[in-house]
Amino acid sequence: MPRTRAAALALTALLLAGCAGERDGDTGPTAPTVPATPSPKVPAASSRPLDHDAHVPRAGRIDEGDASAVALKWAEFAYGYDTAYDAHPHAARLRAARYLTPEKAAAATSYSPASGPGVQWNTWASHRAWTEAHAAPAEPDEDAEPDTGTLAHRVVAVDGTAHGRDGWTGPGPRLHAYLTLTRTGPDAPWRVSDTDIVPAVSPPSRRP
């Protein structure tokens, strides 16, 4: 494992013991700060078809011959939740499947979350919030392999914001996504073939 990612994983494991994300769903929403008092649990509504009021990323034209553009767009879709429509964060992963390889998309489609969406999701749901996933390129691992014509590695930093339909604003998903992208030939579109998600860690808030 590259040194940069190994250090991030070690720090995350130390500070978020017991809070690992789900893999190949890919991961649930991250919780950068543990609240002093637990948020009330809000029953999740069943996922329902999106309509004009849904706040989720829309498919737009991007250069699919650019691995970086595909990586950023995948992250925006995968972490763009709307709790008024989505029963679980995995619903956003399914919307992002258009940017996955066929094999990875099939794994996402057949995946069943093993646990509930978590405290942070319940907080968002209590405000009927949606999230904006602000995705930006991050520094690659020191040992990352150089791009070839059919293989590329990208690191995407996501720093999200949650917007409640009641006017509330709070933290959204925060993470680093280490992505592998492949394509079948030099003229084919890039697609995400593997994901490794490292939740961002915030220091605990000071006690009075």
Enquirer: Would you say the side chain of Pro171 lies within less than 4.5 Å of the side chain of Thr161, judging by non-hydrogen atoms?
Expert: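 Heavy-atom side-chain distance check fails, nothing below 4.5 Å.
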Enquirer: To check you understand the geometry: which heavy-atom pair defines the closest contact between Leu100 and Ala108, and what is its length?
Expert: CD1-CB, 4.3 Å
Enquirer: For residues Ala133 and Ala75, report the shortest heavy-atom separation together with the two atoms involved.
Expert: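 Heavy-atom minimum between the residues: CB-O, 4.0 Å.
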Enquirer: With side chains defined as the heavy atoms from C-beta onward, is the minimum distance between Val56 and Arg95 less than 4.5 Å?
Expert: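 With C-beta onward as the side chain, the pair touches.
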Enquirer: Would a 4.5 Å heavy-atom cut-off, applied to side chains only, mark Thr180 and Val192 as touching?
Expert: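 No; the side chains remain at least 4.5 Å from each other.
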Enquirer: Does the side chain of Thr123 come within less than 4.5 Å of Trp168's, by heavy atoms?
Expert: yes
Enquirer: Do Arg174 and Val158 make a side-chain contact, defined as non-hydrogen atoms from C-beta onward lying under 4.5 Å apart?
Expert: no
Enquirer: Dump the intermediate steps for side chain to side chain donor-acceptor pair (under 3.5 Å) on His127 and Asp166, then the final yes or no.
Expert: CA-CA 6 Å; His127 298 282; Asp166 56 3; 2.8 Å; yes
Enquirer: Rounded to the nearest 0.5 Å, how far does OH of Tyr81 lie from OG1 of Thr131?
Expert: 6.5 Å
Enquirer: Is Thr83 close to Trp130 at the side-chain level, that is, under 4.5 Å between some pair of heavy atoms?
Expert: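 Heavy-atom side-chain distance check fails, nothing below 4.5 Å.
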Enquirer: Of all residues at least two apart in sequence or in a different chain, which pass the side-chain hydrogen bond (donor to acceptor under 3.5 Å, both in side chains) check with Arg98?
Expert: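 Here no residue qualifies.
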Enquirer: Taking atom types as modelled, find out whether Tyr85 and Asp51 have a side-chain donor-acceptor pair closer than 3.5 angstrom.
Expert: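 Checked: Tyr85/Asp51 side chains pair up, N/O donor to acceptor below 3.5 Å.
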Enquirer: Between Tyr79 and Trp121, is there shared hydrophobic-cluster membership here, with clusters defined by ILVMFWY side-chain heavy atoms closer than 4.5 Å?
Expert: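 Same cluster: Tyr79 reaches Trp121 through Ile, Leu, Val, Met, Phe, Trp or Tyr contacts under 4.5 Å.
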Enquirer: Please report the C-alpha distance between Arg154 and Asp147 in whole Å, then the side-chain angles of each, then the deciding distance to 0.1 Å, and finally whether the salt bridge (charged side-chain N to carboxylate O under 4.0 Å, His left out) criterion is met.
Expert: CA-CA 10 Å; Arg154 295 292 183 270; Asp147 290 358; 2.8 Å; yes
Enquirer: Say whether Leu181 and Leu151 are linked into one hydrophobic cluster, either directly or through other cluster members, by side-chain heavy-atom distances under 4.5 angstrom.
Expert: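 No, Leu181 does not connect to Leu151 through the hydrophobic network.
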Enquirer: Mind jotting down which residue pairs meet the side chain to side chain donor-acceptor pair (under 3.5 Å) criterion with at least one end in residues 182-192? Sequence neighbours excluded, please.
Expert: Glu64-Arg191
Enquirer: Would you call the rings of Tyr99 and Phe77 parallel, tilted or perpendicular if under 30° counts as parallel and over 60° as perpendicular?
Expert: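 Plane angle over 60°, so perpendicular.
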Enquirer: Identify the two heavy atoms, one from Ala157 and one from His176, that lie closest to each other, and give their separation to 0.1 Å.
Expert: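 Answer, listing the atom of Ala157 first, then His176: CB-NE2, 3.8 Å.
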Enquirer: Enter the distance from Asp194:CG to His153:NE2 here, rounded to the nearest 0.5 Å.
Expert: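 Between Asp194 CG and His153 NE2, I get 9.5 Å after rounding to 0.5 Å.
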Enquirer: Go through it in stages, so that I can follow the logic: the residues are His90 and Tyr111, the test is ring-ring contact (aromatic ring centres under 6.0 Å, His included), and I'd like the CA-CA distance, side-chain angles, deciding distance and then a yes or no.
Expert: CA-CA 9 Å; His90 190 60; Tyr111 174 79; 4.9 Å; yes
Enquirer: Among residues at least two apart in sequence or on other chains, which ones pass side-chain hydrogen bond (donor to acceptor under 3.5 Å, both in side chains) with Arg128?
Expert: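 Arg128 satisfies side-chain hydrogen bond (donor to acceptor under 3.5 Å, both in side chains) with no other residue.
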Enquirer: So Pro117 and His88, do their side chains get closer than 4.5 Å, heavy atoms only?
Expert: yes
Enquirer: Check Ala69 against Ile62 and note the closest heavy-atom contact, atom names and distance.
Expert: O-CD1, 3.9 Å
Enquirer: Please report the C-alpha distance between Thr195 and Trp74 in whole Å, then the side-chain angles of each, then the deciding distance to 0.1 Å, and finally whether the side chain to side chain contact (heavy atoms under 4.5 Å, CB included) criterion is met.
Expert: CA-CA 11 Å; Thr195 62; Trp74 173 86; 3.9 Å; yes
Enquirer: With a 4.0 Å cut-off on N to O distance, would you call Asp82 and Arg165 a salt bridge?
Expert: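 Salt bridge flag = yes for Arg165 with Asp82.
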Enquirer: For Asp159 versus His134, what's the shortest heavy-atom pair and its separation?
Expert: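 For Asp159 and His134, the tightest heavy-atom pair comes out as O-CD2, 2.9 Å.
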